[in-house]
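Contents: one structure, followed by commentary.
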Amino acid sequence: MSKKTITSAPLSEKVLELQSKIQDKNYVNNAIDRIAVIMSKHIVGNRGNTLTAGDFLIH
């Protein structure tokens, strides 16, 4: 049996930028806060309506 070598394509600058950002605790905390604000607005705005799991992604 021959071993297959996995070659990886070079990562784009955007992927490298995002990898760097997710290592930053402040960036992650701000992202979590932003998601919480968006979800809270939807919950308050949709009282009595059904809120689906993906509704907060609209913004």
Side-chain angles (χ1 to χ4, degrees):
M1 278 190 200
S2 65
K3 292 184 179 180
K4 291 185 178 180
T5 304
I6 299 174
T7 58
S8 60
L11 298 175
S12 71
E13 286 189 37
K14 184 65 174 177
V15 171
L16 293 172
E17 176 186 351
L18 292 172
Q19 283 180 335
S20 173
K21 285 181 176 181
I22 63 171
Q23 299 301 317
D24 180 357
K25 286 183 181 184
N26 288 326
Y27 177 83
V28 173
N29 287 334
N30 288 333
I32 291 169
D33 288 344
R34 178 73 179 134
I35 292 167
V37 167
I38 292 169
M39 291 180 69
S40 296
K41 285 181 181 180
H42 274 283
I43 290 168
V44 170
N46 290 321
R47 286 191 180 176
N49 296 334
T50 303
L51 182 67
T52 63
D55 283 345
F56 75 95
L57 296 175
I58 294 171
H59 291 283

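Given the structure is predicted, the values throughout are model-derived calculations rather than measurements.
Checking N30, D24, I32 one by one against V28, the side-chain contact (heavy atoms from CB on, under 4.5 Å) holds for a single residue, I32.
Remark: E17 pairs with K21 by the side chain to side chain donor-acceptor pair (under 3.5 Å) rule, at least two apart or across chains. In this structure Q19 satisfies the side chain to side chain contact (heavy atoms under 4.5 Å, CB included) test together with L11, V15, L16, sequence neighbours excluded.
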